[in-house]
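Okay, structure first, notes after.
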Amino acid sequence: MAAYGLYTHIQSNKRRSVALLIGLFFLVYLLVFAGALAGEALTIDAPPDELLRRALSDALYAAPWATLGTALWIFIAYKFHQSMIDAVTGGREEPRLYNLLENLCISRGITTPKLKVIEDDSLNAFATGMNDKQYSITVTTGLINALNNAEIESVLGHELTHIRNGDVRMLVIAVIIAGVIGFFAELVFRLLFQGGFSWRGGRGGGDRKGAGMAILIAFVLIAVAWILSIVIRFALSRKREYLADAGSVELTKNPDAMISALRKIEGRGELPGATSAVMEMCIDNPREGFSNIFDTHPPVDARVAALVKFAGGHDPGPLALPAPSEAQAGESEDADQPTAAGPWGGSQPAPGSGAPFLPSRPPVELGSPPSADGEPGPWGPHRK
């Protein structure tokens, strides 16, 4: 079925994601068969066809137990995956950005997820969770300091769209099942190589050849299952980023903010100590594979081009950010300068001070025509 428009693309992506997750479950059973085949080859004297038949019987017998073990693994991750991610990244709750996120959620009638912050200079954000009570959006302090309000709002809208589209739940389940596959694959290899990769004597040459062929088949099946699990995870990651960018523009009505946010984040999102599974959840993953084949995210240039083409945004090109020392120097200079008087007296930070939660331009200047003496008032020009 062809997809036309944002919502049909979202539904199409969900159907493909479900099919891919079913494929991941089949890979678990494929690993069980491979392990059974290797075990039969190491314990009995039989030709290859007999070993395959016995391995199939063993796999069918073990399938319910494999299903139960996978379900238990998923249940544990369902309950504790957020605390495990927080332990890796050091995320903590942060109420300062909550208003921006809450406004986006109220505008669409969405349950507001938790908001957490990682103390890190990198520019990145990601969403996690399996249901409305668990959903959480995490951003870095580097992102907060480098982006203005509109850009931060676009990033939050991007992650909120992942939650709305079900991408977060799908990716968490995919990472869990792929973890099961990786665990069992490593377990089989360790048993074969450390548990005595040899068989007892007394066999004929034909039996040795048949057992070696069976073990080779088991190795191939394990390798195929592991590679396909990685490919499926990548397939779940790449397509969804375009839809999340588009969903953010739909929420904020500001394609330029999404584009400038991507340009600032580009190449600056590496989270030290984060696993590959966590980086796959981020708005940008700077870790690259061989000739971009194993990249989990599409290039920023491609994402920006899509926003320019379909959302009417404007691409400023790659953006350079000031070094942390320069930014701190700028903040100290702004602190020495006099503050501008507010409309009810008192003072407010001067425009361009770099405060992360203030707009980059004074609100009173937007749309205010100059007065006769050249000074705009807070509600328009002064009247003499």
Legend entry - Electrostatic pair Arg54:Asp49 at N-O distance under 4.0 angstrom: no
Is the shortest side-chain heavy-atom distance between [X] and [Y] below 4.5 Å?
X: Pro286; Y: Met279; answer: yes
X: Leu123; Y: Leu321; answer: yes
X: Leu31; Y: Val28; answer: no
X: Met281; Y: His162; answer: no
X: Leu160; Y: Leu251; answer: yes
X: Ile137; Y: Ile163; answer: yes
X: Arg303; Y: Ile283; answer: yes
X: Arg240; Y: Asn165; answer: no

If you look at every heavy atom in [X] and [Y], which pair is closest and at what distance?
X: Leu27; Y: Ala225; value: CD1-O, 3.6 Å
X: Ser248; Y: Met258; value: OG-SD, 3.5 Å
X: Leu60; Y: Pro64; value: O-CD, 3.5 Å
X: Leu37; Y: Ala218; value: CD2-N, 4.0 Å
X: Ala302; Y: Tyr242; value: CB-OH, 3.4 Å
X: Ala311; Y: Val249; value: CB-CG1, 4.1 Å

Is there a path of hydrophobic side-chain contacts, each under 4.5 Å between heavy atoms, that joins [X] and [Y]?
X: Leu319; Y: Ile259; result: no
X: Phe310; Y: Val308; result: no
X: Leu51; Y: Val220; result: yes
X: Phe219; Y: Val32; result: no
X: Met170; Y: Phe26; result: yes

Inset, instruction - Consider only side-chain N and O atoms of Glu153 and Thr252, and report whether a donor and an acceptor are under 3.5 Å apart. - result: no
Legend entry - Short side-chain donor-acceptor distance under 3.5 Å, His158 and Asp245: yes
Inset, instruction - Test Leu262 against every option in Leu307, Val155, Asp315 by the side chain to side chain contact (heavy atoms under 4.5 Å, CB included) rule and name the one that passes. - result: Leu307
Using only atom types and a distance under 3.5 Å, with no angle test, would you say the side chain of [X] pairs donor to acceptor with the backbone of [Y]?
X: Ser154; Y: Ala150; answer: yes
X: Glu159; Y: Leu156; answer: no
X: Gln134; Y: Met130; answer: yes
X: Asp284; Y: Gly269; answer: no

Inset, instruction - Report the C-alpha distance between Ser122 and Asp120 in whole Å, list the side-chain angles of each, state the deciding distance to 0.1 Å, and finish with yes or no for side chain to side chain donor-acceptor pair (under 3.5 Å). - result: CA-CA 6 Å; Ser122 62; Asp120 194 271; 2.6 Å; yes
Drop me the distance from [X]'s [atom1] to [Y]'s [atom2], to the nearest 0.5 angstrom.
X: Ile222; Y: Phe33; atom1: CD1; atom2: CZ; result: 11.0 Å
X: Asp121; Y: Leu143; atom1: CG; atom2: CG; result: 12.0 Å
X: Ile265; Y: Cys282; atom1: CD1; atom2: SG; result: 10.0 Å
X: Ser136; Y: Leu115; atom1: OG; atom2: CG; result: 7.5 Å
X: Arg268; Y: Arg263; atom1: CZ; atom2: CZ; result: 10.5 Å

Inset, instruction - Under the side chain to side chain donor-acceptor pair (under 3.5 Å) rule, what do Thr112 and Glu102 come out as? Steps first, then yes or no, please. - result: CA-CA 6 Å; Thr112 306; Glu102 189 177 41; 5.1 Å; no
Inset, instruction - Apply the test side chain to side chain donor-acceptor pair (under 3.5 Å) to residues Tyr135 and Arg169: give CA-CA distance (whole Å), side-chain angles for both, the deciding distance (0.1 Å), then the verdict. - result: CA-CA 9 Å; Tyr135 288 138; Arg169 185 188 304 111; 2.7 Å; yes
Legend entry - Partner residues of Asn103 under the side-chain hydrogen bond (donor to acceptor under 3.5 Å, both in side chains) criterion, sequence neighbours left out: none
Legend entry - Neighbour count above 12 (heavy atom, 6.0 Å) for Lys133 NZ: no
Legend entry - From CA spacing to verdict: side-chain contact (heavy atoms from CB on, under 4.5 Å), Ile118, Thr138: CA-CA 7 Å; Ile118 300 174; Thr138 303; 3.4 Å; yes
